[in-house]
Amino acid sequence: MEFKNVLLKKENGIGYVTINRPKALNALNSETLTEIDLAFDEVANDDEILVVILTGAGEKSFVAGADISEMKDMNVIEGRKFGLLGNKVFRKIETIEKPVIAAVNGFALGGGCEISMACDFRIASTKAKFGQPEVGLGITPGFGGTQRLARHVGLGMAKELIYTARIIDAQEAYRVGLVNKVVEPEELLPEANKIANEILKNAPIAVSLCKQAINRGMQVDMDTAIAFEAEVFGECFSTEDQTEGMTAFVEKRKEKAFKNK
Ligand code: DAK
């Protein structure tokens, strides 16, 4: 499908979703959120895509937040509808059964920081800047920021960043554990590709089940989490890739390419 504000392409097992509204620093209006939603539906249904990279178009911004011009005059009903739309889309990114890497190329503010946090992990360019500036606009983070930031950087740091609305650079984001790696801007997509290709060498169903186990496990008590891990572990033994992976090891040969079966 062709979109106005989102580019979607696939190459060698990787799906690239690029938020493409550079004149507004890729700010998320309702139209863009709806297109991201549809793009992730396509990604979810495309068996040739096994890993996803989410990034922003242009050199300056990943996503500079929810669209303030659109939000400014919203009434309570419209605000709730907008919040529900964003949360639905971000939750889709978080729970899609494929790894999603955020390649953060610039501003990741408000909804931009929040969409990056819905991804499995973040790689940042040295130009990236992160923050939840909402309280300075008279609102609370509305796309999961009060929940996901604390899960990523811990309670105290999340509270400090949200209460102060402070914008941090990529190195600071790395120091507090919000991003896994910081690279020069021209290295950002190559680095994201490199990690995606490392993931692609492994059995896709096992990778996908790991995502589900980690995500679900983080929200429940340890006994429930371990029970779910046992369930997905068992599920692996119904796959051809488990048979091939283990047989290759026992026969001391390199495993054949995994089949995603
Ligand atoms: N929304 C709309 N337009 C934006 C924008 C945004 N978030 N950020 C930038 N733009 C637009 C600018 O208006 C400008 O448009 P023109 O004037 O050229 O038409 C263009 O992008 C370039 O921006 P600047 O001229 O400002 O560029 P600078 O380099 O000078 O500054 C900046 C870059 C990122 C520091 C600055 O643009 C900025 O501060 N932007 C706003 C950042 C921000 O506060 N983001 C958080 C937004 S609040 C909720 C749902 C969601 C949310 C909350 C509640 N519920 C419904 C529950 C989420 C809220 C947010 O994300």
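Numbers for residues simply follow the sequence, beginning at 1. In each ligand, atom 1 is the first atom listed, and ligand 1 is the first ligand listed.
- The nearest non-hydrogen atom to atom 18 (O) of ligand 1, considering only K129, K23, E114, E78, comes from K23.
- Counting heavy atoms under 4.0 Å from ligand 1, residue M74 does not touch it at all.
- With a heavy-atom cut-off of 4.0 Å, T140 touches ligand 1 through its backbone alone.
- With respect to atom 10 (N) of ligand 1, the closest heavy atom belonging to the protein is A24 O, 3.7 Å.
- Residue contacts with ligand 1 for R80 are absent, since no atom lies close enough (heavy atoms, distance under 4.0 Å).
- The existence of a salt bridge linking K10 and E48 is confirmed by a sub-4.0 Å separation between a basic side-chain nitrogen and an acidic carboxylate oxygen.
- By the 4.5 Å heavy-atom criterion applied to side chains, N105 and P185 are not counted as neighbours.
- Residue G86 places no heavy atom under 4.0 Å from ligand 1.
- The pair R91-E94 counts as a salt bridge, with a side-chain nitrogen and a carboxylate oxygen less than 4.0 angstrom apart.
- With salt bridges taken as basic N to acidic carboxylate O contacts below 4.0 Å, none links E97 and K211.
- Ranking the protein heavy atoms by distance from atom 44 (O) of ligand 1 puts P133 CG, 3.6 Å first.
- Some N or O of A64 is nearer than 3.5 Å to an N or O of ligand 1, by distance alone.
- Electrostatic pairing of D241 and K259 does not count as a salt bridge here, judged by no charged N lying under 4.0 Å from a carboxylate O.
- Between E244 and R253, at least one side-chain nitrogen of the basic residue sits less than 4.0 Å from a carboxylate oxygen of the acidic one, meeting the salt-bridge criterion.
- Protein heavy atom nearest atom 29 (O) of ligand 1, with residue, atom name and distance: K60 NZ, 2.6 Å.
- Of the candidates L28, D67, I115, L25, it is L25 that places a heavy atom closest to atom 22 (C) of ligand 1.
- Residues L200 and V51 form a side-chain contact, since some pair of their non-hydrogen atoms from C-beta on lies under 4.5 Å apart.
- The closest approach between any non-hydrogen atom of E70 and ligand 1 is not below 4.0 Å.
- Under 4.0 Å from ligand 1, the heavy atoms of A27 that appear belong solely to its side chain.
- Side-chain rings of F130 and F62 stay apart, their centers remaining 6.0 Å or farther from each other.
- On a distance-only criterion, F107 and ligand 1 share no N/O pair closer than 3.5 Å.
- On a distance-only criterion, A66 and ligand 1 share at least one N/O pair closer than 3.5 Å.
- By the 6.0 Å and 45° rule, K92 does not stack over the aromatic ring of F40.
- Annotation: I68 places an N or O atom under 3.5 Å from an N or O atom of ligand 1; distance criterion only.
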